[in-house]
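Since the structure comes first, as structure tokens, the remarks are kept for the end.
Both ligands and their constituent atoms are indexed starting at 1 by order of listing. We're numbering straight along the sequence, starting at 1.
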Amino acid sequence: MSSEFWPGAEPFKIKVVEPIKLLPREERINAIEKAGLNPFLLSSSQVFIDLLTDSGTGAMSDNQWAGMMLGDESYAGSRNFYNLENTVKDIFHCEYFLPTHQGRGAENVLFPLLIKEGQYVPGNMHFDTTKAHIEIAGGVGVNLVREEAYKPSVSAPFKGDMDTDKLRSFIQDKGRDRVAFIIMTITCNSAGGQPVSMANMKEVHDIAREFEIPLFIDAARFAENAYFIKKREDGYQNKTIKEITREFFSLAQGFTMSAKKDGLVNIGGLIGIASDEGLFRRAQERLVPVEGFVTYGGLAGRDMEAVARGLYEVIEEDYLEQRINQVAYLGKELTDLGVPIQKPVGGHAVFVDGKSFLSHIPQEHFPSHALAVELYIEGGVRGVEIGTLLAGRDPQTGENVMPELDLLRLTIPRRTYTDNHMKYVAHVFSRLQEKKESIRGMKLTYEPKILRHFTASFAWLT
Ligand code: PLI
């Protein structure tokens, strides 16, 4: 481990570079206006620093690229499948494994096997595809994360924890039979990439066992979560990331995972099932028509090899140390400027509290989205609103939902940008800080019925 040298250098050197270009200001204004003031609709060539997502946007290692050349593209029984299966069984605590094309593919295969019409799925805080797949399967997703998660300025080591009092009352209130399963998202993306502690996972496990409700994990950022446990939770300082991961996963019946995050790949997903052979067989049956045969599940052999290798790289502590420190570095630079952010900084992104940064813009005029547009104009940086725009409308009343958190997510791709890029982003914020009073709110000029944030258009309020 390189920690004796930290703060120090990245534990990798750069072999291939991809040029990026900052367009002149006039061209940026033109580009964002043509995109309907929606950064999702910009071409990536118009973006200088792309912090839209950490999903599938990271850099693979030379070892992963070498593995890609060993892709065995046999329809059935590819050797890369067996490499990946052995890796998954080794790192996570599970007997059974299936590959999928990405995280939502895993949700689409597994959830209908677990949910009966009208049943609830409580979690700390569901990611939007997770909630969507719960609903498509006839269920209702419920967020029971601890209250501090909704307070950006309140710092706590494990803000992704489930509120176990709320969970117990929820099950007692609705009745055990109306709860399909419980899911823990690690780290908790929608709450700011905040980690879940081992102690909380154990409590949730005990409640799940008491009521005989299955417990699953949304494992997209499992290694970042394990790193936070190692750093912040008593008793884990001398455990390896793999040991922590195996212990954490031993508390659940299985997991879904988008490998596009902590699989360190551009595409891929996983389903792991601890020991329930019946569930595994049913998942296998469902996988074939919707994803692909059981030994490729929507992935090329070479992609499975890249995941198999990525999963070992992501649990290396010097990798995780640099990763988490880079995100924290951007958070510190912004805090030093007086920009309000979700505290403490999470694992994969800095979440700027747009509602309080632009407190002159009422929430119904999308302050964090207005900030995203201004960030692009000012410096060619693309972030994403996680707030009122994303929350959409109440299906019953048609009114805009007003979430407690209205944030701008600056998501850092893995092994992709340097600390100088982070410094640049902070510099752009220092310019925004000076002119923030002049930033205007927005109104929708085109609004799709579902998942409106992806393709909506806007106009500035005069
Ligand atoms: O994008 P997918 O289908 O590979 O994964 C869906 C997904 C599931 N769970 C969690 C916690 C996610 O964060 C997630 C995808 N996240 C995206 C795309 C993001 O930008 O955060």
Side-chain angles (χ1 to χ4, degrees), residues 39-40 44 50-58 98-111 121 123-137 141 143 145 149 159-160 162 181-196 216-226 228 252 254-272 290-291 297-299 303-304 306-307 310-311 314 327 342 346-351 368 372 382-387 389-390 405 407-414 416 451 453-454:
F40 267 113
S44 65
D50 204 345
L51 305 184
L52 189 67
T53 179
D54 65 327
S55 181
T57 51
L98 290 168
T100 62
H101 81 283
Q102 61 185 91
R104 65 200 74 186
E107 292 162 354
N108 185 31
V109 169
L110 195 65
F111 290 0
V121 181
N124 44 353
M125 212 177 198
H126 303 297
F127 180 66
D128 52 9
T129 62
T130 317
K131 182 168 177 285
H133 276 295
I134 290 169
E135 288 168 4
I136 291 166
N143 294 333
V145 72
K159 276 171 101 170
M162 185 96 78
F181 65 98
I182 301 167
I183 190 160
M184 271 292 217
T185 301
I186 61 167
T187 57
C188 190
N189 183 5
S190 311
Q194 298 295 323
V196 173
F216 283 80
I217 298 170
D218 177 343
R221 298 174 181 85
F222 77 95
E224 291 169 7
N225 200 82
F228 282 119
F255 66 92
T256 54
M257 176 171 168
S258 167
K260 298 172 72 172
K261 288 83 170 169
D262 276 354
L264 297 181
V265 291
N266 306 116
I267 196 74
L270 312 172
I271 296 173
V290 299
E291 290 283 302
L299 291 175
D303 293 326
M304 291 191 282
V307 182
L311 286 171
V314 82
V327 180
Q342 167 77 298
H348 67 300
V350 176
F351 288 69
S368 299
R382 176 156 68 173
V384 62
E385 193 251 22
I386 306 278
L389 175 63
L390 180 76
L405 295 175
L407 307 169
L408 169 68
R409 187 178 78 168
L410 304 171
T411 339
I412 321 287
R414 294 167 181 79
T416 302
L451 297 175
H453 54 291
F454 288 123

**Ligand-residue contact atoms, ligand 1 with Thr185, heavy atoms, under 4.0 Å** = 11 (C)
**Asked** Side chain, backbone, both or neither: which part of Arg409 comes within less than 4.0 Å of ligand 1 when only heavy atoms are counted?
**Response** side chain
**Asked** Which of the atoms of ligand 1 are close to Thr53, meaning less than 4.0 Å from one of its heavy atoms?
**Response** 19 (C), 20 (O)
**Prompt:** Out of Ser55, Gly268, Gly269, Ser258, who gets a non-hydrogen atom closest to atom 4 (O) of ligand 1?
**Reply:** Ser258
Would you tabulate the side-chain donor-acceptor contacts of residues 181-193 under 3.5 Å, counting partners in other chains and residues two or more places apart, or write 'none'?
residue, atom, partner, partner atom, Å
Asn189, OD1, His348, NE2, 2.9
Asn189, OD1, Arg409, NH1, 3.1
Ser190, OG, His126, O, 3.2

**Request:** Would you mind listing which atoms of ligand 1 come within a distance below 4.0 Å of any non-hydrogen atom of Glu107?
**Result:** 8 (C)
**Asked** Is there any N or O on Asn189 that sits under 3.5 Å from an N or O of ligand 1?
**Response** yes
**Item:** Shortest heavy-atom approach to atom 11 (C) of ligand 1 - which of Thr256, Thr187, Asp218, Ile267
**Value:** Asp218
**Request:** Could you tell me whether Arg221 and ligand 1 have an N or O pair separated by under 3.5 Å?
**Result:** yes
**Distance-only N or O hit between ligand 1 and Leu52, under 3.5 Å** = no
**Prompt:** If we only count N/O pairs under 3.5 Å, is Lys260 in contact with ligand 1?
**Reply:** no
**Asked** Side chain of Arg382, backbone of Leu52: donor and acceptor closer than 3.5 Å?
**Response** no
